[in-house]
Asks: 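One structure coming up, written as structure tokens, with questions to follow.
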Amino acid sequence: MKILSVQQMRMADEATITSEKISSLELMERAATKVFDLLHNRLQGTPIPIHVFCGIGNNGGDGLVISRLLEKHGYHVRTYIVNFSDNRSKDFLANYDRLKDVASEWPVQLKSKQDFPTLLDQDIVIDAIFGIGLNRPLVPWVATLIKHINKSKCFTVSVDIPSGLYADKIPDDPESVIYSDVTVTFQLPKLVFFLPQTGIYARDIEIVDIGLNREFLQQSPGIAELIGKNEVLPLYRSRFKYSHKGTYGHSVLVGGSYGKIGSVVLATKAALKTGSGLATAYVPECGYAIVQTAVPEAMVITDDDDELSEIDLDFKPSAVGIGIGLGTNEKTIKALSNFLKNNTSPIVIDADGINILAKHPKLLENLTTQTIITPHPKELERLIGRWKDDFDKLNKTIEFSKRHDCIVVIKGANSITVYKDQLYINNTGNPGMATAGSGDVLTGIITGLLSQGYSPLHAAVFGVYLHGSAGDEAAHQTGFEAVVAGDIVANIGTAFLELFKQRSIPDKKSS
Ligand SMILES: NC(=O)C1=CN([C@@H]2O[C@H](COP(=O)(O)OP(=O)(O)OC[C@H]3O[C@@H](n4cnc5c(N)ncnc54)[C@H](OP(=O)(O)O)[C@@H]3O)[C@@H](O)[C@H]2O)[C@H](O)CC1
Ligand SMILES: [K+]
């Protein structure tokens, strides 16, 4: 699913209004009705007090429509107008008039702290103060109102975007943004929902289709893509009946050092479980018995030490995963340097492999095109330097990717794969996966896909998705805390099967 910029979103509205010959007021009615439907479906007429806070722009206009529909259906509603400006939008005004016809109570005008209502824990708040039109810092009393809402324990539903959150930069004051329980967003998700600094405000997201012009959405380049099942299914390459193990490539996993051989065990198992025809673990001598015992399906090549001092292969691997548990001593750096100079196979570099690149940036010149690098935030910082905020981090990563023609997977709650200007935001995974060895498994999965002939970009995007999906399945079985990296490996098969599962229960139709 595409993610558009604010400007592209506004153009999509315009394209819809023009092509469907509807007014912006009708589009607002359509959008806000979707939010109402969702609420009504869940509440089923429950007489809980609902406080609807409306700004004076179109987000506020949506709020007024929601108030009117709630009133009409007999809900216990109170509407507030947050008067942060005299510049009321035309559609806000039209809906203000329409609300007056049905409202049992006149909307309450808020102009300062003295006007704030008491909010009880069990009440519901609809947050329609600001939408994607927020473009400057909040005036102090509006910031205080947002803190007032946050302080209450009300269940808060934000319309389109949590108020106080910019769609394209981090907040001026992190405490002056609504922490919403559910954000019902129009048509497409916003990039800020998936970045660590801003995703915290939109815990649960519901995307409602408001029928924006399909052609425009398809043609628009977007600023990122949210990767779910629909996006990865077309990437899947089915296996051929008359194939043999040679058809699916030979993965080589290079890494390990005394006390860190487990990383290579996990990655090698993951490559095989992802479908690599053959797998070889290239480890120091001390890892020989461990790998042979733990992964009998794999072949093992050893160097003669506790740490790798030479990486010498007498065949060309279909794919290489390198760096896991490697260590960073001088002889290993030399070995990696020599290897990278001569390597022409598709390659994934992780962990100490990245740390070595960061310390010796000259090595970056020897990377094969579209090398995949999979840093966690600390490793990324070593590679690209400190960033000011999450947007700066993305820009710096884009620059890095362009400069070295490499694919960078920024690991995190929503891992983001960056290739030049393109961002692919992963939508699988869970906090249980923040566990030792989880990254080694990802390296193995991506290597396994590369060995089967997936292009580097597809291997990275699909690999990250599968890794998250396998982790979701593992968490489903054991709970977050008990997930260990081996459970992720064990569920790679289920993650593949899950790709082809149909939903067993159809979506409940909203009334
Ligand atoms: N996307 C869609 O298809 C639809 C979107 N809808 C809803 O519309 C909003 C966007 O509405 P908009 O009116 O453009 O903006 P807001 O409601 O978010 O904000 C209103 C105006 O407030 C001004 N502003 C911005 N920041 C501040 C501030 N810190 N303090 C005071 N005022 C501020 C700004 O106007 P200026 O001219 O003063 O700059 C904003 O325009 C979208 O999010 C949806 O909820 C449609 O209803 C349906 C279709
Ligand atoms: K809002």
Side-chain angles (χ1 to χ4, degrees), residues 245-246 248-272 276-374 404 406 440 443-444 446-448 450-453 456 459:
K245 65 187 178 201
Y248 301 111
H250 188 164
S251 297
V252 176
L253 286 307
V254 186
S257 49
Y258 186 85
K260 289 186 180 168
I261 299 298
S263 58
V264 185
V265 169
L266 287 165
T268 308
K269 275 189 186 171
L272 286 164
S276 185
L278 299 163
T280 291
Y282 195 111
V283 290
E285 179 69 33
C286 64
Y288 181 74
I290 301 167
V291 182
Q292 286 275 265
T293 314
V295 201
E297 301 87 349
M299 294 168 279
V300 185
I301 302 176
T302 59
D303 193 10
D304 56 3
D305 218 325
D306 281 354
E307 275 142 345
L308 289 178
S309 53
E310 194 183 19
I311 306 161
D312 187 19
L313 293 167
D314 59 2
F315 63 97
K316 185 178 178 218
S318 319
V320 177
I322 195 164
I324 42 193
L326 191 62
T328 56
N329 82 27
E330 281 309 315
K331 56 186 181 181
T332 307
I333 295 171
K334 202 141 189 278
L336 180 71
S337 166
N338 287 336
F339 179 76
L340 291 179
K341 261 184 217 149
N342 299 316
N343 174 60
T344 52
S345 301
I347 184 167
V348 191
I349 306 181
D350 187 30
D352 279 338
I354 302 174
N355 292 331
I356 293 174
L357 290 181
K359 269 205 176 144
H360 303 272
K362 264 224 147 300
L363 298 186
L364 290 163
E365 290 164 20
N366 296 327
L367 299 183
T368 53
T369 53
Q370 300 196 340
T371 288
I372 302 167
I373 305 180
T374 54
H404 302 291
C406 62
D440 304 327
T443 300
I446 299 177
T447 309
L450 285 173
S451 81
Q452 292 169 78

Asks: Please say which of P346, S251, S345 ends up in a side-chain contact (heavy atoms from CB on, under 4.5 Å) with V320.
Replies: S345
Asks: Show me the pairs that pass salt bridge (Lys or Arg N to Asp or Glu O under 4.0 Å) and involve residues 351-371, at least two apart or across chains.
Replies: K362-E365
Asks: Give, for atom CG of D440 and atom CG of D350, the distance between the pair rounded to the nearest 0.5 Å.
Replies: 6.5 Å
Asks: Just how far is it from atom OH of Y288 to atom OG1 of T293, taken to the nearest 0.5 Å?
Replies: 9.0 Å
Asks: Do you know the tightest heavy-atom contact between G323 and A351?
Replies: O-CB, 3.7 Å
Asks: Do L336 and L340 pass the side-chain contact (heavy atoms from CB on, under 4.5 Å) test, and can you show the C-alpha distance, the side-chain angles, and the key distance before you say yes or no?
Replies: CA-CA 6 Å; L336 180 71; L340 291 179; 4.0 Å; yes
Asks: Quick one: CG on L450 to CD on Q370, what's the gap to the nearest 0.5 Å?
Replies: 10.0 Å
Asks: Can you list every salt bridge (Lys or Arg N to Asp or Glu O under 4.0 Å) pair that touches residues 310-322, not counting sequence neighbours?
Replies: none
Asks: Taking atom types as modelled and ignoring hydrogens, do the side chains of T302 and E285 form a donor-acceptor contact shorter than 3.5 angstrom?
Replies: yes
Asks: When P284 is tested against each of D306, D304, I261 for side-chain contact (heavy atoms from CB on, under 4.5 Å), which residue passes?
Replies: I261
Asks: Taking atom NZ of K334 as the centre, report whether more than 12 heavy atoms of other residues, nucleotides or ligands fall under 6.0 Å from it.
Replies: no
Asks: Working to the nearest 0.5 angstrom, can you tell me the gap between I372 CD1 and T447 OG1?
Replies: 8.0 Å
Asks: What heavy-atom pair brings A281 and T268 nearest, and what distance separates the two atoms?
Replies: CB-OG1, 3.8 Å
Asks: Rounded to the nearest 0.5 Å, what separation is found between the CD1 atom of I347 and the CG atom of L367?
Replies: 7.5 Å
Asks: Heavy atoms only: give me the nearest V254-I324 pair and the separation to one decimal.
Replies: O-CG1, 3.9 Å
Asks: Under 3.5 Å, is there a donor-acceptor pair between the side chain of S451 and the main chain of Y248?
Replies: yes
Asks: Taking all atoms of both residues into account, what is the closest heavy-atom pair of G249 and S318, and its distance?
Replies: CA-OG, 3.2 Å
Asks: Looking at CZ of F315 and CG of L278, how far apart are the two atoms once the value is rounded to the nearest 0.5 Å?
Replies: 8.5 Å
Asks: Please report the shortest heavy-atom distance between S257 and C286, naming the atom on each side.
Replies: C-SG, 4.3 Å
Asks: Yes or no on side-chain contact (heavy atoms from CB on, under 4.5 Å) for I373 and H404, after CA distance, side-chain angles and deciding distance?
Replies: CA-CA 11 Å; I373 305 180; H404 302 291; over 6 Å; no
Asks: Do Y282 and I322 pass the side-chain contact (heavy atoms from CB on, under 4.5 Å) test, and can you show the C-alpha distance, the side-chain angles, and the key distance before you say yes or no?
Replies: CA-CA 9 Å; Y282 195 111; I322 195 164; over 6 Å; no
Asks: Minimum heavy-atom separation for K260 and G325, please, with both atom names.
Replies: CB-O, 3.8 Å
Asks: For S309, is there any backbone N or O sitting under 3.5 Å from a side-chain donor or acceptor partner on D303?
Replies: yes
